[in-house]
Amino acid sequence: MTEREKMLAGELYFAGDDELVALRHNARRLTRLFNQTTEAQSVERQQLLCELFGQIGPGSEIEPPFRCDYGCFISVGKGFFANFNCVILDCAPVTIGDNVLFGPGVQIYTAYHPLEPGPRRDLLEAAKPISIGNNVWIGGNAIILPGVTIGDNSVIGAGSVVTKEVPPNVVVVGNPGRILREI
């Protein structure tokens with residue numbers, strides 16, 4: 001398996017692999033160009049996001065600055081909005097549904113490092129996919145950790161750290177995130 005195949009399969013991989021480095025460099029180039037656009041350049045912003053992401057639905061908008069690892073492993077539905085300072089570490093697929101809203105500073109982390117010191121010392125890492133359903137609202141500075149699925153219509157409170165699956169139609173708050181109530 002290539003390092004890219006290992007990464008996408010959730011196995012330990014070496015991020016310094018030439019193919020992965022080239023993919024990250026392309027994402028850095030595209031996000032730099034995106035982040036340098038002005039509010040009057042909505043067409044250019046959309047074109048850059050279409051080139052960067054694996055898929056982006058109509059009516060989706062991201063406020064710069066935005067950062068990601070690869071971009072090509074991000075799939076976004078229609079009507080998505082991300083406010084300023086969004087970070088998506090897409091070392092595994094990130095799937096975001098329709099009409100999802102991110103407050104400022106939302107961070108999505110698929111990547112993680114092994115607990116054992118040997119593999120960390122060898123610069124190995126791993127990743128687990130993240131899936132966010134339709135009509136989800138994620139409050140400012142919330143962090144979504146590797147392997148999490150968030151169900152349709154749920155709300156993640158500002159500053160929450162989501163470490164496990166969130167069912168549909170609930171409000172999650174805190175660190176670690178816990179269900180506060182049903183919607």
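Keep in mind that the numbers below use all heavy atoms, side chains included, and drop hydrogens, waters and symmetry copies.
- Tracing side-chain contacts under 4.5 Å through hydrophobic residues (I, L, V, M, F, W, Y), one reaches Val94 starting from Leu30; they form part of the same cluster.
- For the pair Asn35/Arg67, a side-chain contact is recorded, criterion being any heavy-atom separation below 4.5 Å from C-beta on.
- Under a hydrophobic-cluster definition in which Ile, Leu, Val, Met, Phe, Trp and Tyr are linked whenever side-chain heavy atoms come within less than 4.5 Å, directly or via other members, Leu124 and Tyr13 are assigned to different clusters.
- When atom types are taken as modelled, the side chain of Ser154 and the backbone of Val170 share a donor-acceptor pair closer than 3.5 angstrom.
- By the criterion of side-chain heavy atoms lying less than 4.5 angstrom apart, applied directly or through intervening Ile, Leu, Val, Met, Phe, Trp or Tyr residues, Phe80 is grouped together with Ile144 in one hydrophobic cluster.
- Neither Tyr70 nor Ile130 shares a network with the other; the hydrophobic side chains, linked directly or stepwise wherever heavy atoms of I, L, V, M, F, W or Y lie under 4.5 Å apart, form separate groups for each.
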Please report the C-alpha distance between Leu33 and Glu44 in whole Å, then the side-chain angles of each, then the deciding distance to 0.1 Å, and finally whether the side-chain contact (heavy atoms from CB on, under 4.5 Å) criterion is met. CA-CA 9 Å; Leu33 293 171; Glu44 291 87 346; over 6 Å; no

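- Note that the CE atom of Met7 and the CG atom of Leu12 stand 13.0 Å from one another [nearest 0.5 Å].
- Closest approach of Ala111 to Pro146, counting heavy atoms only: O-CG, 3.5 Å.
- Ile138 has its side chain within reach of Ile132: a pair of non-hydrogen atoms, C-beta onward, lies under 4.5 Å apart.
- Checked options Val106, Ile143, Ile150, Val161; the residue passing with Ile156 is Ile150 (criterion: side-chain contact (heavy atoms from CB on, under 4.5 Å)).
- Two rings, from Phe53 and Phe66, have their centers less than 6.0 Å apart.
- Closest non-hydrogen pair, Ala142 versus Gly157, comes out as CB-O, 4.0 Å.
- Here the NZ atom belonging to Lys128 is positioned 14.0 Å from the SG atom belonging to Cys91, to the nearest 0.5 angstrom.
- Between Glu5 and Thr2, the shortest heavy-atom contact is OE1-N, 2.8 Å.
- Atom CZ of residue Phe34 and atom CD of residue Gln41 lie 10.5 Å apart, to the nearest 0.5 angstrom.
- One hydrophobic cluster, built from ILVMFWY side chains closer than 4.5 Å, holds both Leu52 and Ile108.
- When hydrophobic residues (I, L, V, M, F, W, Y) are linked wherever their side-chain heavy atoms come within less than 4.5 Å, Tyr112 remains an isolated member.
- In this structure, CZ on Arg29 lies 15.5 Å from CZ on Arg24, to the nearest 0.5 angstrom.
- Looking at Asn153 and Asn135, their side chains do bring a donor and an acceptor atom within 3.5 Å of each other.
- The hydrophobic cluster around Val171 extends to Phe81, Leu101, Trp137, Val155, Val173, Leu180, Ile183, counting ILVMFWY residues whose side-chain heavy atoms fall within less than 4.5 Å of a member.
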